[in-house]
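For the single chain, residues carry numbers from 1 onward in sequence order.
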Amino acid sequence: MSISTYTLPISGMTCASCAGRVERALLKVSGVQHAAVNLAAEQVRVETAAGNVAELIQAVEDAGYGVPVHTLELAVDGMTCASCVGRVERALLKVPGVRSASVNLASERAHVDVLGAVDPTALIQAVEAAGYEARTSGTERPDTGDAGRRMRRERAAVIAALALSAPLVIPMFGELFGLHWMLPPWLQLLLATPVQFILGARFYIAGWKAVRAGAGNMDLLVAIGTSAGYGLSLYQWWAAPAGQVPHLYFEASAVVIALVLLGKYLESRAKRQTSAAIRALEALRPERAVRVVDGREEDVAIAAIRLGDHVLVKPGERFPVDGEVVEGESQADEALISGESLPVAKTPGDRVTGGAINGEGRLLVRTTALGGETVLARIIRLVEDAQAAKAPIQKLVDKVSQVFVPAVLIIACFTLAGWLLAGAPADVALINAVAVLVIACPCALGLATPAAIMAGTGVAARHGILIKDAEALEIAHAVNAVAFDKTGTLTSGQPRIVHLLAVDGNEASLLQQAGALQRGSEHPLAQAVLHRCAEEGLAIATVRRSQSLTGRGIAGELDGRSLALGNRRLLDDSGLQPGALNADAHAWEAEGRTLSWLIETAPQSRVLGLFAFGDSLKPGAAKAIADLEARHIRSHLITGDNRGSARAVAEALHIDSVHAEVLPADKAATVSALKQGGAVVAMVGDGINDAPALAAADVGIAMGTGTDVAMHAAGITLMRGDPRLVPAALEISRLTYRKIQQNLFWAFIYNLVGIPLAAFGFLSPVVAGAAMALSSVSVVSNALLLRRWKPGA
């Protein structure tokens with residue numbers, strides 16, 4: 001029985017009795033053999049046979065003390081597949097003091113929970129010993145250039161590999177038409193060698209790292225298979241009698257490397273999208289602010305702002321901090337933060353959120369939150385945490401390759417030994433062994449997934465569905481619940497007049513008077529009034545002495561009368577009562593509508609009418625929900641808007657469940673709750689406030705008409721912003737995933753049937769190479785059938 005020793009830091013101990021309580025608590029844990037507390041060092045040394053660190057920590061906490069846990073983040077370079085992730089995690093977990101390690105392949109980050117203080121150097125050395133590069137997060141990688149330059153280099157390598165491989169593969173296609181010719185061996189060698197050892201060097205390097213770690217991956221398969229083809233070609237050329245043209249396999253090795261390089265390039269492009277969401281969120285933070293000190297205005301960096309400082313926010317600027325309005329009246333466009341579709345009035349005492357946009361007034365704001373405590377910073381953390389979470393799907397090919405590679409090597413060795421023991425000549429035994437390696441070449445395995453993904457994403461893009469994340473494409477086929485944001489997703493995001501009521505019954509006159517007051521205003525509600533006037537062909541007069549009533553509305557003189565249009569506060573300040581409009585006002589408020597009152601203040605003081613503003617449904621919203629229902633996919637509405645508005649939209653569209661008045665953090669929590677209930681969730685949204693939920697969902701779907709942040713956080717973007725594309729995106733995902741399954745099935749069948757035939761000598765290397773080529777052709781041809789797909793077909 002092996003005994004593990006752990007040294008845990010302890011906080012909260014003050015005397016010897018504390019040490020005794022900790023020791024007694026630990027000795028009660030199953031498997032603990034010995035526990036000794038060092039009170040001066042504030043740590044305990046535990047010997048246990050169970051390796052149960054979590055139970056040890058829980059025992060200390062139950063005794064009333066703490067075990068400090070710190071989180072470190074490392075940037076890890078050189079990972080290529082899921083097996084790499086596992087190797088890095090295992091290496092980090094071996095470092096003393098590491099409680100847990102989670103590696104994200106997409107962001108190339110490792111989140112490590114450490115007990116007490118651990119030197120990051122030890123973690124970096126552990127990663128480097130596993131065959132990868134690591135650095136503390138935020139440290140630039142030396143001598144590598146920017147990401148764009150690296151992508152250009154990868155693209156150049158793909159183009160070069162395809163160009164060099166094309167002359168080698170053309171004669172193979174000529175065989176189909178009875179044309180028997182090939183390039184001279186020396187020319188084939190000249191074309192294939194740079195592909196094999198220069199452009200394909202990355203596969204040798206990554207494959208060697210896998211061997212050192214005692215594992216296998218697709219890189220190792222590529223290196224072994226192509227090296228076998230290349231080596232066999234050299235052998236055949238060397239062993240051929242003088243004057244005889246041998247059959248060579250340079251084209252097989254070169255084409256495999258070229259196609260796999262293409263797949264790797266496409267994978268790299270998709271991985272870059274994941275970190276863009278964080279960069280876009282951080283771009284919303286203003287870098288500078290205007291601080292007011294003793295009446296003086298000074299332009300300072302955000303880092304210089306302190307809690308309680310007064311910050312001046314001019315019209316049209318973003319709020320640099322979270323705070324409370326001290327002076328001034330304005331409106332704030334918080335649609336990107338809270339999901340509220342209409343500007344929110346801000347008066348002294350109201351709170352404002354950093355990142356929101358100030359309206360027409362100047363505001364003096366007292367700072368209440370800075371740095372990591374702001375709403376925007378918390379949203380950024382939510383996106384980071386969601387992106388750092390483990391994906392639910394595992395890469396099948398990488399998992400199988402860990403067993404497939406050593407199995408093929410063993411079969412090849414047994415083939416060689418078996419034929420030699422049977423008395424066969426050495427060259428026959430070698431050719432049969434190489435035939436096993438050639439037919440086991442991972443070309444079809446390597447193409448099975450990327451070929452289907454390329455075809456699926458290509459046809460989807462032609463129909464306005466941009467799939468940036470191959471993982472999202474694989475997961476989306478299993479979605480059985482779709483959660484929609486409301487504003488800008490199912491609705492247009494532009495307010496309009498839903499109801500209007502004139503006290504005297506003349507609604508046209510009511511519209512004309514309201515339009516005259518709103519003439520020239522850029523306020524969203526004013527635009528709704530003016531748009532309605534234009535629709536009905538009403539003439540709009542010009543008012544005199546127009547003035548903005550900040551936080552209440554607008555006023556002016558028309559035909560010798562003083563009129564005003566605004567919210568309930570305007571009505572109350574004027575000492576007027578709703579009167580006969582009271583019942584309608586309550587009913588429309590219950591629907592979630594925004595109300596505006598038109599009143600006359602002189603020569604009489606009276607209410608003239610009432611307007612109710614709402615957001616219109618997108619034309620395709622009802623069809624989208626109906627299509628999802630037809631596919632037995634439940635629909636959910638998650639919105640920051642009020643319950644009345646959310647309920648009205650849900651009833652109009654027949655949505656299954658409603659979650660209203662939900663904050664950004666709660667949106668992600670709601671999506672997580674659906675996932676915990678067994679649902680595979682797709683989240684559809686368009687705003688910054690949707691970003692955490694988009695990242696937390698199994699599949700994030702962003703409206704292309706929304707914010708860049710939402711599109712970066714999502715794996716799928718609907719370029720036309722049409723809700724009908726949501727079921728279409730799930731359908732093309734389902735078809736693509738089916739193609740992936742079919743391709744992998746055929747790729748494995750070729751190997752499962754071909755390898756035994758090659759081992760028993762029924763397949764020559766020539767036939768094995770042809771079978772390998774046929775497997776690739778069948779995989780690509782099957783994937784290209786996706787090009788026939790059309791939305792709704």
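Using modelled atom types and a 3.5 Å distance limit, the side chains of H531 and Q527 yield no donor-acceptor pair.
At least one donor-acceptor pair closer than 3.5 Å links the side chain of D322 to the backbone N or O of G354. Distance alone, capped at 3.5 Å, places no donor-acceptor pair between the S733 side chain and the A729 backbone. Side chain of N358 to main chain of R318: no donor-acceptor pair is present (N/O by atom type, distance under 3.5 Å, no hydrogens or angles). Checking side-chain atoms of D698 against main-chain N and O of A682 turns up no donor-acceptor pair under 3.5 Å.
When every heavy atom of A476 is checked against every heavy atom of L730, the shortest pair comes out as O-CD2, 3.8 Å. Residue L490 comes nearest to P723 through the heavy atom pair CD2-CB, 4.5 Å, listed as atom of the first residue, atom of the second, then distance. When all heavy atoms of P727 and L628 are compared, the closest pair comes out as CB-CD2, 3.9 Å. Considering all non-hydrogen atoms of both residues, L92 and A101 come closest at CB-CB, 3.9 Å. The minimum heavy-atom distance between V680 and N480, with the atom names listed, is N-OD1, 2.9 Å. Closest approach of V681 and V671 over heavy atoms only: CG1-CG1, 4.1 Å.
Counting only heavy atoms from C-beta outward, the side chains of K346 and V352 approach each other to under 4.5 Å. Side-chain contact between W597 and L581 is present, with at least one heavy-atom pair separated by less than 4.5 Å. H499 is not listed as a side-chain neighbour of F611, based on a closest heavy-atom distance of 4.5 Å or more. No side-chain heavy atom of L610 sits less than 4.5 Å from a side-chain heavy atom of L500. Counting heavy atoms from C-beta outward, V649 and F484 have side chains that stay 4.5 Å or more apart.
Interatomic distance, F319 CZ to I357 CD1, rounded to the nearest 0.5 Å: 10.0 Å. Atom CZ of R734 is separated from atom NZ of K739 by 11.0 Å, given to the nearest 0.5 angstrom. Considering NE2 of H586 and CG of L595, their distance stands at 10.0 Å, rounded to 0.5 Å. To the nearest 0.5 Å, atom CG of residue L785 and atom CD of residue Q742 are 8.5 Å apart. Here CZ of F613 is found 11.5 Å from CZ of R496. Values are rounded to the nearest 0.5 Å. Distance check: D485 CG to I701 CD1 gives 13.0 Å after rounding to the nearest 0.5 Å.
Residues passing the salt bridge (charged side-chain N to carboxylate O under 4.0 Å, His left out) test with D350: none are found, sequence neighbours excluded. Remark: R532 engages E536 in a salt bridge (charged side-chain N to carboxylate O under 4.0 Å, His left out) (not counting sequence neighbours). Partners of D113 according to the side-chain hydrogen bond (donor to acceptor under 3.5 Å, both in side chains) rule, which considers only residues two or more places apart in sequence or in another chain, are T71, S100. Listed by chain and number, the residues in a side-chain hydrogen bond (donor to acceptor under 3.5 Å, both in side chains) with H659 amount to none (sequence neighbours excluded). Under the ring pair (Phe, Tyr, Trp, His ring centres under 6.0 Å) criterion, H654 pairs with no residue at all, not counting sequence neighbours. Judged as a salt bridge (charged side-chain N to carboxylate O under 4.0 Å, His left out), and not counting sequence neighbours, R634 has no contacts.
Around the NZ atom of K675, the shell of radius 6.0 Å holds more than 12 heavy atoms that belong to other residues, nucleotides or ligands.
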May I have the step-by-step check of side-chain contact (heavy atoms from CB on, under 4.5 Å) for R738 and H477, ending in yes or no?
CA-CA 9 Å; R738 181 186 297 174; H477 80 281; over 6 Å; no

Does the side-chain contact (heavy atoms from CB on, under 4.5 Å) test come out yes or no for H636 and L674, once each step is laid out?
CA-CA 10 Å; H636 303 263; L674 292 174; 3.8 Å; yes

